[in-house]
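Letters A, B, ... mirror the listed sequences (proteins, then strands); counts begin at 1.
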2 protein chains.
Amino acid sequence: MNSHVPRRATLAQVAELAGVSTMTASYTFGRPERVSAASREKVLAAARTLGFTAPDPAARSLRRGRAGALGVVLGEHLTYAFDDPQATAFMAGVAEVCAEQGQAMTILPVADATTDVARISAAAVDGYVLWTTEDGAPVVDAAIATGRPVVVHSGPAAAGAHVVGIDNRAAARAIGRLVFAGGTVPAVLSFPLTAARAAAVVAGPDPDDATFPVTRERLLGFRDAADDVGTDWADVLVAVCSTNDAREARAMTQELMSRADRPDALATMSDELASGAFRAIEAAGLHVPTDVALTGWDDAEAARAQGITSVAQSMREQGAACARYALTGTRADFTDQWHIVERASTAR
Amino acid sequence: MNSHVPRRATLAQVAELAGVSTMTASYTFGRPERVSAASREKVLAAARTLGFTAPDPAARSLRRGRAGALGVVLGEHLTYAFDDPQATAFMAGVAEVCAEQGQAMTILPVADATTDVARISAAAVDGYVLWTTEDGAPVVDAAIATGRPVVVHSGPAAAGAHVVGIDNRAAARAIGRLVFAGGTVPAVLSFPLTAARAAAVVAGPDPDDATFPVTRERLLGFRDAADDVGTDWADVLVAVCSTNDAREARAMTQELMSRADRPDALATMSDELASGAFRAIEAAGLHVPTDVALTGWDDAEAARAQGITSVAQSMREQGAACARYALTGTRADFTDQWHIVERASTAR
DNA sequence: CTGTTAGCGCATTCAA
DNA sequence: TTGAATGCGCTAACAG
């Protein structure tokens with residue numbers, strides 16, 4: 001059976017046509033400085049006539065024992081990964097370091113729980129960077145089990161994996177204090193607690209019910225902040241959104257604003273959520289910050305444009321750090337790499 | 001020299017421990033249904049004790065002749081790729097199909113022109129999808145030269161590559177007509193013409209000076225539209241932005257609005273650009289659409305929020321179609337897959 | 001600077 | 001259902 005795809009030429013064929021040994025041909029592509037100009041020309045000419053562009057990557061990987069690629073595991077459905085500006089900033093940082101190190105970047109989308117583990121294990125990569133994972137996600141263990149370096153962004157902590165991220169609890173406590181001081185009825189607009197992504201408004205939820213480490217840590221920090229300002233966490237309304245989406249945030253905030261016990265200080269977990277909240281507050285005929293104090297998170301363009309106080313951190317740098325660690329073992333500590341940018345939304 | 005990284009177990013070692021042949025172990029992972037339950041159990045138990053998670057991907061690729069991955073070439077610096085919502089929507093579509101087909105998605109960032117071609121050629125992928133490429137970009141030829149399937153999004157056309165995208169010229173003509181009819185002094189806010197990304201305001205540039213196919217086609221369409229409304233293209237101001245960025249668009253538009261021959265009908269190449277233009281127009285004390293008619297492109301959230309007329313197309317679907325073509329050969333025609341969404345920004 | 005040898009780990013082919 | 005033999009294409013290690 002003749003395949004219509006022409007079989008690619010091999011290095012051995014190129015060498016034969018060039019009248020040199022296979023190794024000379026190999027060196028021509030892999031370590032050109034070790035080959036005389038004359039041989040190199042002969043080899044390249046032969047390669048050109050045979051349509052040989054580069055040594056077969058699979059054979060090269062097998063022989064060298066390295067894949068030449070870093071795997072990025074998007075721990076959840078793609079919609080949430082590519083739609084989220086923070087996630088894309090993170091990936092841009094990873095990509096930057098990969099390019100700089102001459103490595104490819106392999107996206108390993110998590111799709112079907114029954115096959116994800118196998119796909120992670122079988123990936124042709126030299127290390128893994130994991131984004132947005134739930135506690136106990138099987139993909140984390142699958143990555144660790146391969147024996148290759150694993151970096152997890154913002155938890156969960158796991159033996160055998162390096163964690164990169166800021167101290168979300170401390171940052172949440174700091175910004176929570178700031179916003180809660182601007183009112184008397186604090187509330188929180190939250191990311192989903194679990195991968196089930198249930199949306200709801202609840203009073204004083206147990207932060208430990210959140211299986212997303214980022215959500216949990218920030219809830220813990222907001223609870224700390226409530227304590228700091230003398231409010232009982234049990235009285236604090238937490239509106240949980242199913243996604244990091246301004247529209248949903250707007251709807252949830254609308255609900256909060258129409259309650260008898262209307263909050264007047266709203267801490268949110270992202271600038272997208274804050275942006276939606278801002279619009280809902282104005283739409284309700286209320287004003288930020290006089291009627292409702294408001295904060296976001298990430299110091300994104302939306303926060304700047306709308307004058308929303310936010311937590312600044314660089315996802316791009318964190319992505320780069322994750323990649324650098326996985327590829328070269330270089331450590332970087334981001335624990336304290338955040339600060340609060342105060343804007344009009346929390347002005348007294 | 002002992003590496004601290006433990007050598008991974010091989011299939012042969014697993015087989016030996018399980019007391020079966022290597023092939024039985026191989027089948028257990030590759031085609032489990034062909035192995036008796038008893039053997040399978042023995043093999044899996046042995047694998048577990050040896051920490052063997054999956055057959056070596058490089059060896060498997062070499063033997064099978066397939067990499068199991070699709071390459072996505074981001075034709076330009078990463079900043080522009082991951083910062084652009086359209087690009088990320090496109091990648092989400094590619095990723096979706098890769099996940100569905102059980103393939104990995106390898107991002108091949110273009111970084112250093114001297115090594116890009118080699119990286120493209122040497123990538124362990126079964127096909128290529130190219131995004132945002134300039135005419136004559138060497139990476140296109142490099143991808144084609146590998147003999148693997150190549151799909152280019154929105155041009156440039158090249159022998160051996162399949163092109164996916166809408167008819168940008170026709171769409172530009174249609175929306176250009178609409179916006180230009182809303183005034184008497186038309187102007188255009190454009191993407192960069194070439195990879196040099198020079199920013200400038202020029203009157204009636206030759207569309208063929210643009211080496212980015214998307215830019216060129218849209219300029220051609222806007223020129224058609226100018227003809228349609230009886231305006232000499234040579235009199236049409238084109239403000240060229242260096243990136244697809246609202247801030248830069250705002251500054252460029254501010255410049256346009258302060259001219260004696262102030263435009264009153266502005267066609268832009270994206271909703272980001274339109275969004276920046278909108279703010280500049282309002283900041284100049286003018287009003288959309290009464291003082292200046294305005295259009296965007298892509299029907300993104302920004303256009304919806306600000307009521308900007310736009311060209312709707314699905315980048316996600318186009319990304320999915322590109323991946324599907326490269327992976328399975330399935331064709332899809334997007335030529336006419338666009339429509340105009342009219343909003344207040346072009347209301348008479 | 002160039003060549004020889006050897007084998008990376010696996011799955012196809014064929015036989016039992 | 002299982003197994004033996006073979007070689008995918010390449011490059012490390014070592015001569016010469």
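Of all heavy-atom pairs spanning A158(B) and V140(B), the tightest one is CB-CG1, 4.1 Å. Nearest heavy atoms, A9(A) versus F52(A): O-CD1, 3.1 Å.
Judged purely by distance below 3.5 Å, without hydrogens or angles, the side chains of T106(B) and T106(A) pair a donor atom with an acceptor atom.
At the heavy-atom level, L62(A) lies under 4.0 Å from base atoms of the strands shown. Residue contacts shown for R34(A) include a base, since a base heavy atom lies under 4.0 Å away. Backbone-only contact: F52(A) has heavy atoms under 4.0 Å from sugar-phosphate atoms and none from a base.
Between Q337(A) and E317(A), every side-chain heavy-atom pair lies at or beyond the 4.5 Å cut-off.
Distance, Y27(A) OH to dC10(D) C1': 12 Å, rounded to whole Å. Rounded to whole Å, atom C1' of dG9(C) lies 17 Å from atom CZ of R64(A). Atom pair R66(A):CZ and dG9(C):C1' shows a separation of 18 Å (rounding to whole Å applied). In this entry the distance linking CD of E16(B) with P of dG3(D) reads 13 Å, nearest Å. Between L50(A) atom CG and dG9(D) atom C1' the separation is 15 Å, expressed in whole Å. As rounded to whole Å, 14 Å separates atom P of dC14(D) from atom CZ of R31(A). Distance CZ (R8(A)) to P (dG9(D)): 10 Å, rounded to an integer number of Å. Going from atom CE of M23(A) over to atom C1' of dC14(D) covers 11 Å, rounded to whole Å.
Test T194(B), T211(B), T215(B) against E134(B) for side-chain hydrogen bond (donor to acceptor under 3.5 Å, both in side chains) and you get one pass: T211(B).
In this structure, the nucleotide among dT2(D), dT6(D), dG9(D) sitting nearest to the side chain of R63(A) is dG9(D). Residue S26(B) has its side chain nearest to dA11(C) when only dA11(C), dC10(C), dT11(D) are considered. Considering only side-chain atoms of T24(A), the nucleotide from dC10(D), dT2(C), dG3(D) that sits closest is dT2(C).
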*For side chain to side chain contact (heavy atoms under 4.5 Å, CB included), just list the numbers for V14(B) and V43(B), CA-CA rounded to whole Å, side-chain angles, deciding distance to a tenth of an Å, and then say yes or no.*
CA-CA 7 Å; V14(B) 171; V43(B) 171; 4.0 Å; yes
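Heavy-atom contacts from other residues, nucleotides or ligands closer than 6.0 Å to CD of E16(B) number 12 or fewer.
Two residues, S21(B) and P55(A), neighbour DNA chain D, and the one matched to the more 5' nucleotide by heavy-atom proximity is S21(B).
Contacts between residues 36-45 of chain B and DNA chain D, defined by a heavy-atom separation under 4.0 Å, are made by S36(B), S39(B).
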